[in-house]
Amino acid sequence: MKPFISFENLSFKYSEEEPRWVLENINLTIDDGSFVAVLGHNGSGKSTLAKHLNAILLPTEGKVYVDGIDTCDEEKLFDLRQRVGMVFQNPDNQIVATVVEEDVAFAPENLGVPPAEIRERVDWALEAVSMTEYREAASYHLSGGQKQRIAIAGVLAMKPKCIVLDEPTAMLDPQGRKEVMKTIRELNKNEGITIVMITHYMNEAIMADRVVVMDEGHVILDGDPYEVFSHVDELKSVGLDVPQPTELMYLLKGAGVDIEKTVLTDEECAEVLYNLLEGQR
Amino acid sequence: MLKDITLGQFFPGTSPIHRLDPRVKLLLALIFIVVLFVINNLVAYIIMGVLLAVVVKISQIPLGLVLKGLKPIFVVVIITAILNIFYNTTGEVLWEWGFLRVTTNGIMLGIFMAIRIVYLIIGVAIILTYTTSPILLTDAVENVFSPFKRFGFPAHEIAMMMTIAIRFIPTLVEETEKIINAQKARGADFETGSILKRAKALVPILVPLFVSAFKRADELAIAMECRCYQGGENRTRMRVLQTSRIDYVAIVITVLVCAALVSMNFMEFGWRA
């Protein structure tokens, strides 16, 4: 099977004169329907990588293919953008119209979808992010988490195959963060939409099927969350943290306690500790 | 304090006025404005005032909101009235001092101008914008002006700019308040000193506000491109504007009433300027 997204020897810098590559020789494939989290500290190139997925940025060297479309192909630009929806950090700066449903309708209107179908798509998109009851509300009366879900509905109305989220929870309170993460997971599970999420929250990254860690324009770790977060030392050396339960297990292991597996969630951690204490009795 | 701005806001409702096609409302508003400045008979103005009150009643806009909308223009009305009193110097002279001369016709003109401005605000700024959602209003503007596109008139672009402006007003108001508070917390003083000093104190508010507005514009443009925005070509709309019986009724009533009011210009009664 051909991968849904493939980066082939992708290198990028903002201008010719600049000596340093922002991205250097990236080779990465992402399967249809997967949920990938991209981790990295500020300036690691993770947002730059995301912007290559719908041709906001074009490769300096190498190629990016999405669903068989070369992102450099200008004739297919809008096909590409319709397939890959992009959600940004600040929900306030992505919402175009005052009334919620008018905003969600913006993308299908741009695509020239007939009015009756726009109505259907808007209703479906609002339902998918659980915002149906707010469809006639003014966006400035909503909370941050609700606004971000409207922004997601706004790209969902294009019926994309993939949604790229660039730190979608960075400006939200914990409640809003939870709402948005739940929405993203549901879209991946129920609608089969491929998710690429840029984040620097570890507890969000562990929800993904796969974690890609970037540093200085390179992919340094790539695998399922258990695999990636077992490299505690490497993650720390590039300025990233690991989830707190993982950190605790790591410290215990360092102190000589016999722990085999990597844990990510509080529940797993509790279970391992329980078994450990049971065994010592 | 900034949230007190009510002029140009929309109050949702289900009255017959709310349900009119926004294009029809725009057309009727235009007829209303022309007639308002054509008629010159006090009796006609009184009738028009009564009819405006009836329309306000039908539209279910609370009287308090109407008065609140009129308050900011009170000074403008007074000044215009006074200027116009001295503008017309024909008719019976009542008072004279140097080059200033107050005549009966002058006073009439002053009263008429005051009435015209007040009616204009009630008719357009209050009845039209309070009962029409901004999106529908911009749709109507785009729709009404689209025949002029072939002469290079940017109907879609203007409508899109209006939509975005309306969308960002509350966001920027909120941001301004945040900046003011942040500057106050740093010891900025906006309330004392001469006008010049207070004007200077605004600079530390305006600079960050503009910087942030430009940043927002940049991000919004990228977000719009990501949602396949490519201008007005081949664009469809979720809501298609449709005229129905209620619109035709409104047009007929307005045209007949306006014709009657204008015809009073040629009658022999009433006071006129």
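In what follows, chains are A, B, ... by sequence order, proteins preceding strands, each numbered from 1. None of the values given here were measured: they were computed from a predicted structure.
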So which part of A:Tyr140 gets closer than 4.5 Å to some heavy atom of chain B, the side chain, the backbone, both or neither? side chain

Is it the case that the side chains of A:Ser47 and A:Asp166 hold a donor-acceptor pair, with the cut-off being a distance below 3.5 Å and no angle test? yes

Verify whether the ring centers belonging to A:Tyr65 and A:Phe7 lie closer than 6.0 Å. no

Return yes if some donor-acceptor pair links the side-chain N/O of A:Asn190 with the main-chain N/O of A:Leu187 below 3.5 Å, else return no. no

Tell me if the NZ atom of B:Lys149 is crowded by more than 12 foreign heavy atoms within 6.0 Å. yes

Toward chain B, the part of A:Val122 with a non-hydrogen atom under 4.5 Å: side chain

Test item: side-chain donor near acceptor, A:Gln148 and A:Thr169, under 3.5 Å: no

For the interface with chain B, which of A:Leu111, A:Ile56, A:Asp103 has the highest count of heavy-atom pairs at distances below 4.5 Å? A:Asp103

Please state whether the side chain, the backbone, both or neither of A:Pro108 comes within less than 4.5 Å of a heavy atom of chain B. backbone

Chain B interface, residue from A:Gln94, A:Glu102, A:Met158 that has the most non-hydrogen pairs under 4.5 Å: A:Glu102

Name the option with the most non-hydrogen atom pairs under 4.5 Å to chain B; the candidates are A:Val87, A:Val96, A:Leu80. A:Val96

B:Arg235 and A:Glu109 ion-paired at < 4.0 Å: yes

Do A:Asn110 and B:Arg227 have side-chain N/O donor and acceptor atoms under 3.5 Å apart? no

So which of A:Glu117, A:Gln89, A:Arg119, A:Glu136 has the largest heavy-atom pair count under 4.5 angstrom toward chain B? A:Arg119

What part of B:Thr171 is in contact with chain A, defined as an atom under 4.5 angstrom from a non-hydrogen atom: side chain, backbone, both or neither? side chain

Please look at A:Val104 and chain B and tell me whether the side chain, the backbone, both or neither of the residue comes under 4.5 angstrom of a heavy atom of that chain. backbone

At a 4.5 Å cut-off on heavy atoms, which part of A:Ile95 comes close to chain B: side chain, backbone, both, or neither? both

Within a 6.0 Å radius of atom CD1 on B:Ile195, are there more than 12 heavy atoms belonging to other residues, nucleotides or ligands? no

Residues of residues 151-162 of chain B near chain A, each having a heavy atom less than 4.5 Å away: B:Met160

Nearest non-hydrogen partners of B:Ile126 and B:Ile122, listed with the distance: CB-O, 3.4 Å

For chain B, which candidate among A:Val155, A:Asn90, A:Ile118 shows the most heavy-atom pairs at distances under 4.5 Å? A:Ile118

Considering only heavy atoms, which portion of A:Phe78 lies under 4.5 Å from any heavy atom of chain B: side chain, backbone, both, or neither? both

Heavy-atom pairs under 4.5 Å with chain A, option from B:Cys228, B:Ala217, B:Ser133 with the top count: B:Cys228

Lys/Arg N to Asp/Glu carboxylate O, A:Glu8 vs A:Lys63, below 4.0 Å: no

Per-residue contact mode, A:Glu101 against chain B (heavy atom under 4.5 angstrom): both

Residues which pass ring pair (Phe, Tyr, Trp, His ring centres under 6.0 Å) with A:His52, listed by chain and number, not counting sequence neighbours: A:Phe12

Short N-O contact, A:Lys147 and A:Asp92, less than 4.0 angstrom: yes

Determine, for A:Phe35 and A:Arg185, whether the Lys NZ or Arg CZ falls below 6.0 Å from the six-membered ring centre while staying within 45 degrees of the axis. no

Heavy-atom cut-off 4.5 Å, strictly under: side chain, backbone, both or neither for A:Asn54 against chain B? side chain

